[in-house]
Engineer: 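Okay, handing you the structure first.
Protein chains get the first letters and strands the later ones, always in sequence-line order, with residue 1 at the start of each.
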Amino acid sequence: MSLAELPGLRRAWLRVTLGGQGAVYKGRFTLTPQRSHEFPDLIRPMLAVLGDLPQGPGWAFEFKWDGVRATTYVRDDRLRVLTRNDLDASRTYPELHALTGLLTRPAVLDGEIVALDPEGRPNFSRLQSRIHTRRPTDDLLRRIPVSYYVFDLLHLDGRSLLGEPYTHRREALADLDLPAHPSIRVPPCFTDLPGETVQSIAADHGLEGVVAKRLDSRYDPGRRSPSWIKVPLIRTQEVVIGGWRPGEGRRSGTIGALLLGVPTPSGLRYAGKVGTGFTAPMLSDLQSRLHPLHRPTPPFKDEVPTDHARNAHWVNPVLVGEVQFRTWTPDGRLRHPSWRGLRPDKSPSDITA
DNA sequence: ACTAGCTGCTCC
DNA sequence: TTTCAGA
DNA sequence: TCTGAAAGAGCAGCTAGT
């Protein structure tokens, strides 16, 4: 592989105007490149499998960053940023152009784009407005700056490092000596601490979890490899079922999602919906339990957003269940919720937020 | 002409 | 992203 | 074991209705 050209777009969106008299055709075109010729250097990100903390020697532990995965291609004063889906985000995050000033050698880096909250923790919710803004205004850049956390080095001086073990790639990354810069960071990896210790540090600092990486592993582009194991910090929450929505497709005829609440002194606060984690028996059991609880109006003290409430069936809020989730969103919704099951031993008054 | 409500897109 | 179910 | 389909959240832009 050479770094003769930076990889380009996988897709492009075009708007075409045909004819002079208002004959407008708007269409979306997909340009599929011939990979071998146009994009010789596209390196798809290696992915981690979900699992438990590995024990014993041979592993490094990194923090799991709550942001957007991005590979960057740097050569001279040129930079290309590609997301996990090979979409071009070079303009979306102009902060990353600092890389061209910090690197004197052509390189391909792997890392995570993050937006820090006031406590200095990467926070995906803060990043949302940046993700969707291809040409951010100065105001947005000031309000929500991003940083690039570089955790791997895939290509340097036109030479691939994919076959090198993790330890070598990480040393080579350190040897780049990226100077301290507010927009570019090289986060730590821990090779002499037990995974549990790193995990508890992550928990203490409100981080998302840890990723364990085998010290001797090569970089497997585009593969979900057991050489990388992600261990998110999972939280559980007891919730009250306040409604449900019918499923579609394979789930038509049964429940698609449950609408959840958390009791507060002033009433049941809406906490979002959960649509995964059910087995088929769970769904049919829930259906028969929810049916007799039907009521015409939402049981929540606050307004349920219309797109959540669409097609919803409301129930008396008496059934308690448990969900696993990652974090709360700023407006009090569960992020990445997954249904664990009913808690018939509990009543809504037992729940603490 | 305005706006609520869709749909589609992007990410986790 | 996570999870389940079917091939 | 792999693949497809269900689900979450937020934003931009189009559309249909007033």
Engineer: Within the pair His308(A) and dG8(D), is there a side-chain N or O less than 4.0 Å away from OP1 or OP2?
Structural biologist: no

Engineer: In residues 313-344 of chain A, which ones come under 4.0 Å of DNA chain C, going by heavy atoms?
Structural biologist: Arg326(A), His336(A), Ser338(A), Arg340(A)

Engineer: So, Asp152(A) and Tyr166(A): side-chain donor and acceptor under 3.5 Å apart, yes or no?
Structural biologist: no

Engineer: For Arg245(A) and dG8(D), give me the distance from atom CZ to atom C1', rounded to whole Å.
Structural biologist: 11 Å

Engineer: Suppose we call two aromatic rings close when their centres sit under 6.0 Å apart. Are His308(A) and Tyr270(A) close by that rule?
Structural biologist: yes

Engineer: Taking for each residue the nucleotide of DNA chain B bearing the nearest heavy atom, is the 5' side occupied by Ile131(A) or by Arg310(A)?
Structural biologist: Arg310(A)

Engineer: Hey, which sits more toward the 5' end of DNA chain C by its nearest nucleotide, Lys230(A) or Pro281(A)?
Structural biologist: Lys230(A)

Engineer: OP1 or OP2 of dC11(B) versus the side-chain N and O atoms of Asn85(A): is any pair under 4.0 Å?
Structural biologist: yes

Engineer: Find out whether the Lys NZ or Arg CZ of Lys213(A) is both under 6.0 angstrom from the six-membered ring centre of Phe151(A) and within 45° of the ring's axis.
Structural biologist: yes

Engineer: Which value, rounded to the nearest 0.5 Å, describes the distance between Arg121(A) atom CZ and Arg126(A) atom CZ?
Structural biologist: 11.5 Å

Engineer: Please tell me whether Tyr148(A) and Ser183(A) have a donor and an acceptor in their side chains that are separated by less than 3.5 angstrom.
Structural biologist: no

Engineer: Closest to the Val68(A) side chain: dC11(B), dA12(D), dA5(C)?
Structural biologist: dC11(B)

Engineer: Does Arg214(A) make a cation-pi contact with Trp59(A), if we ask for NZ or CZ under 6.0 Å from the ring centre and within 45° of the axis?
Structural biologist: yes

